[in-house]
Participant: 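Below is one structure. I have some questions about it.
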Amino acid sequence: MFLLLAAHPDGSALQELTADGLPSPGNPHPRIISRTAATAVPENPGQSPTGLPAVVRELEQRRPRWIWHRTQDWYPALLEAGVELERCYDLSLSGAILAHSEFTAHTPYAQRAEKMTQDDDLQQPPRVLQPPPPPADQGALFDDPGLQSDLRPTLGELRAEYAAQQEAVAHATTDGNRRQRLQLLLAAESAGAMIAAEMQHAGVPWREELHEQILADHLGPRPPAGHRPAKLEALTTELRRLLHSPALNPDSPQELMRALHRNGIEVKSTRQWELKESTHPAIEPLLAYKKLARLHTANGWTWLDAWVRNGRFQPEYVVGGVVSGRWASRGGGALQIPRQIRGAVHADPGHKLIVADASQLEPRVLVALAQDSTMAEAARDQDLYAGIAAKGFGGDRAKAKMALLGAMYGATSGEAGRLMPQLARTYPRAVGFVEQAARAGEAGKTVTSRLGRSSPPPSERWFRSQQSTSAEEQRRADSIARSRGRFTRNFVVQGSAADWAACWLAELRRRLRALRADGSASGELVFFLHDEVMVHAPDGAVESCIQAIEDAANAAKELLFGRIPVEFPVSVAVVDSYDNAK
DNA sequence: AGTTGCTGCGCG
DNA sequence: AAAGCGCGCAGCAACT
């Protein structure tokens, strides 16, 4: 059962097509079961239980797969109206993957996308994939209706786009396994889009009074707008005295640098790690100032006012926001909640926060990708780095970790660089795998994650540098190539880890929904950060939620790699407060 | 006055 | 001058 939706998200001119399939190579003319056009504009937008949400809720009982241009255009308003959906296909996110995937590179779909980026200076994606016009919150008076209707995909365009994507997948490659992986990626990405909207809707439980207490403890009472808090003011006074600079603004790197130089502190920048080299008495208060100033500007009272409402922090997640497949976020720095203020993240009464993270995900993904059985043996340990250390770094865990991270990031110098030969001797397959990705990237080739997300083509700079003639230009070209090599080296690992995490998340959502459908108590996904999830659950649901998290992790492993002897353990903490999670 | 880029630091 | 990967954001600096 498939449903196509074509309408503006305000619900006007909803068109629904119900068919036994969608146009595809094997089924070019699907049997149409019913077709309706509902004009479903709520009379009181946002309040009326009728209109679009009611129509969608009705149709959801048939358990369709909703196919829409962008989940973000539809789903938040539906959630707001209390309508949760089971599954969807996000044309925009899927199209972006298919347009660049090495698995579909030979298909007309990808070639059309490539042609468009070549022809078009603005590098615009296919028309149907363009972002919608900006939100019309100023009212229709200020909108250009012609422009809007031009950008809004019609039912016909959605059908054509879906058919083109299906065909691209069908012809992905003769390797059926790759086709399955790509299909899995599209499903996981679409599920991710729904989860992102649901998590934004739910929000992270945030106790404002606990946050304010942390701020008061560190910074003093809340200052008037535009003023430094008491503790920062005191440190500023001290710094001015110690550095003999009565007007110093410690927030200005230039002023600060000059003041440091005048006092014989010869630093090339004002970064923490460089300042730590000096033993001058001004350094300690300066570092303290920087720490507190960061808290004040990034997560202080202003942040609290802007981002926390009614006990919830509701950031916007940007699925597909990173080329590797990781999520990005917009507003509030959702993916950078500092440890310092995690104490403000607190479960509701009668609830717990279940914080789970995939331990050492990226090196484990590398083991699986490279099928390095020697490293797999070391990874049987709950602590992979300790396992590696025991087999060749004299038991020095810190060294083993640095070597492995260096291999995944492309370290060439420093201690990590020096450790590389030793790592390569013991684990030639794992190291060879990332080395090969690096060589490919240097040569301008693309690399691809486990499920089929490919790296972007080389930059314009890379192409230009290829025509270098002089020795000087050649050095520059080599540097650009090596830089791209480090990117593609990391891409295969980071991208495949993102594949794993997307499957983990989708599988977890399915299980949490199943619990709820059973009538059991269930938790709610409220946060996701690359390799970590947070579930907010009633006390009685904690055990079943933990089980769901662990089952989902196993399912993700098998979906990506099949049954292989590599563990992907998750560490789970059940806490009231996020700062007790790690 | 508004825009763009840089510096520095938070997270994985 | 080169530099281990990927991000977002605030405030300063340098402009138009």
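Please read these numbers as outputs of a predicted model, since none were measured by experiment. Each chain gets a letter, A, B and so on, in the order the sequences are listed, and its residues count up from 1.
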Participant: Closer to the 5' end of DNA chain C via nearest nucleotide, is it A:Arg330 or A:Lys268?
Facilitator: A:Lys268
Participant: Can you list the steps and then say if A:Ser245 with A:Arg262 is a side chain to side chain donor-acceptor pair (under 3.5 Å)?
Facilitator: CA-CA 9 Å; A:Ser245 311; A:Arg262 273 200 303 277; 3.0 Å; yes
Participant: Specify the separation, in whole Å, of atom CZ of A:Arg418 and atom C1' of C:dG4.
Facilitator: 14 Å
Participant: Using a 4.0 Å heavy-atom cut-off, does A:Ser324 contact any base of the nucleic acid, only the sugar-phosphate backbone, or nothing at all?
Facilitator: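 No contact.
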Participant: For a quick check, with a 4.0 angstrom heavy-atom cut-off, what is the B/S/- contact string for nucleotides 1-12 of chain B, read 5' to 3'?
Facilitator: -------BBBSB
Participant: What is the nucleic acid contact for A:Gly417, judged by heavy atoms within less than 4.0 Å: base, sugar-phosphate only, or nothing?
Facilitator: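 Touches nothing.
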Participant: Would A:Arg418 and A:Glu415 count as a salt bridge (Lys or Arg N to Asp or Glu O under 4.0 Å) here? Give the steps.
Facilitator: CA-CA 5 Å; A:Arg418 285 193 296 279; A:Glu415 193 184 354; 5.5 Å; no
Participant: Below the 4.0 Å mark, does C:dG4 have OP1 or OP2 next to a side-chain nitrogen or oxygen of A:Ser413?
Facilitator: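 Checking A:Ser413 against C:dG4: at least one side-chain N or O falls below 4.0 Å of OP1 or OP2.
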Participant: Starting from P on C:dA3, measure out to CZ on A:Arg484 and report it in whole angstrom.
Facilitator: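 Value for this atom pair: 17 Å.
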Participant: So what does A:Gly333 hit on the nucleic acid, given a heavy-atom distance under 4.0 Å: a base, only sugar-phosphate, or nothing?
Facilitator: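 Sugar-phosphate, backbone atoms only, no base.
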Participant: Please write out the pairs of protein N or O atoms and N or O atoms of nucleotides 14-16 of chain C separated by less than 3.5 Å, giving the distance to one decimal.
Facilitator:
from: C:dA14; atom 1: OP1; to: A:Gln254; atom 2: NE2; distance (Å): 3.1

Participant: Would you name the heavy atoms of A:Glu362 and A:Arg326 that are closest together and state the gap between them?
Facilitator: OE2-NH2, 3.3 Å
Participant: With rounding to the closest Å, how many angstrom separate the P atoms on B:dT7 and C:dA1?
Facilitator: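 One P to the other, the span is 14 Å.
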Participant: Send over the distance from A:Tyr317 OH to C:dG8 P, rounded to a whole Å.
Facilitator: 14 Å
Participant: What is the distance, rounded to the nearest whole Å, between atom CG of A:Asp251 and atom C1' of C:dA13?
Facilitator: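 Rounding to the nearest Å, CG of A:Asp251 and C1' of C:dA13 are 14 Å apart.
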Participant: Please state the P separation for the pair C:dA3 and B:dG5 - nearest whole angstrom.
Facilitator: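 My reading of the P atoms in C:dA3 and B:dG5 gives 25 Å.
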Participant: Does C:dG8 have OP1 or OP2 sitting under 4.0 Å from an N or O in the side chain of A:Ser329?
Facilitator: no
Participant: Please give me the minimum heavy-atom distance between A:Ala501 and A:His530, naming the atom from each residue.
Facilitator: CB-O, 3.3 Å
Participant: Can you say whether the rings of A:His211 and A:Trp206 are parallel (under 30°), tilted (30 to 60°) or perpendicular (over 60°)?
Facilitator: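 The rings of A:His211 and A:Trp206 sit tilted, inter-plane angle from 30° to 60°.
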Participant: Rounded to whole Å, how long is the line connecting atom CD of A:Glu255 with atom P of C:dG11?
Facilitator: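 It works out to 16 Å between those atoms.
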Participant: Please verify the inter-ring angle class for A:Phe491 with A:Phe487; under 30° counts as parallel, over 60° as perpendicular, anything in between as tilted.
Facilitator: perpendicular
Participant: Please lay out, stage by stage, how A:Arg476 and A:Glu472 fare under the test salt bridge (Lys or Arg N to Asp or Glu O under 4.0 Å).
Facilitator: CA-CA 6 Å; A:Arg476 185 94 191 106; A:Glu472 172 66 29; over 6 Å; no
Participant: Using modelled atom types and a 3.5 Å cut-off, is there a donor and acceptor pairing between side-chain atoms of A:Arg453 and backbone atoms of A:Ile97?
Facilitator: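 Flag not set: sc A:Arg453 to bb A:Ile97 has no pair under 3.5 Å.
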Participant: Pick base, sugar-phosphate or nothing for A:Ser483, based on heavy-atom distances below 4.0 Å to the nucleic acid.
Facilitator: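 Nothing: the residue A:Ser483, judged by heavy atoms under 4.0 Å, touches no strand.
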Participant: Mapping A:Arg475 and A:Gly331 to their closest nucleotides on DNA chain C, which lands nearer the 5' end?
Facilitator: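 On the 5' side of the pair lies A:Arg475.
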Participant: Measure CE/A:Met402 against P/C:dC5 and give the value in whole Å, please.
Facilitator: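 Computing the A:Met402:CE to C:dC5:P distance gives 15 Å.
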Participant: Rounded to whole Å, please give me the gap between CZ in A:Phe528 and P in C:dC7.
Facilitator: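 Answer to the nearest Å: 15 Å.
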Participant: May I have the step-by-step check of side chain to side chain donor-acceptor pair (under 3.5 Å) for A:Gln360 and A:Asp383, ending in yes or no?
Facilitator: CA-CA 8 Å; A:Gln360 304 154 341; A:Asp383 182 350; 2.9 Å; yes
Participant: Would you kindly give the CH2-to-P distance between A:Trp327 and C:dG8, to the nearest whole Å?
Facilitator: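 Going from A:Trp327 (CH2) to C:dG8 (P), I get 15 Å.
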Participant: Who does B:dG5 pair with, Watson-Crick or G-U, both distances under 3.5 Å?
Facilitator: C:dC12
Participant: Indicate, with a heavy-atom threshold strictly under 4.0 Å, whether A:Ala328 touches base, sugar-phosphate, or nothing.
Facilitator: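 Sugar-phosphate contact only - A:Ala328 comes under 4.0 Å of backbone atoms but never of a base.
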Participant: A:Thr448 and A:Ser454: side-chain donor and acceptor closer than 3.5 Å?
Facilitator: yes
Participant: Counting the atoms with a prime plus P, OP1 and OP2 as sugar-phosphate, which does A:Asn249 contact under 4.0 Å by heavy atoms, base, sugar-phosphate, or nothing?
Facilitator: sugar-phosphate
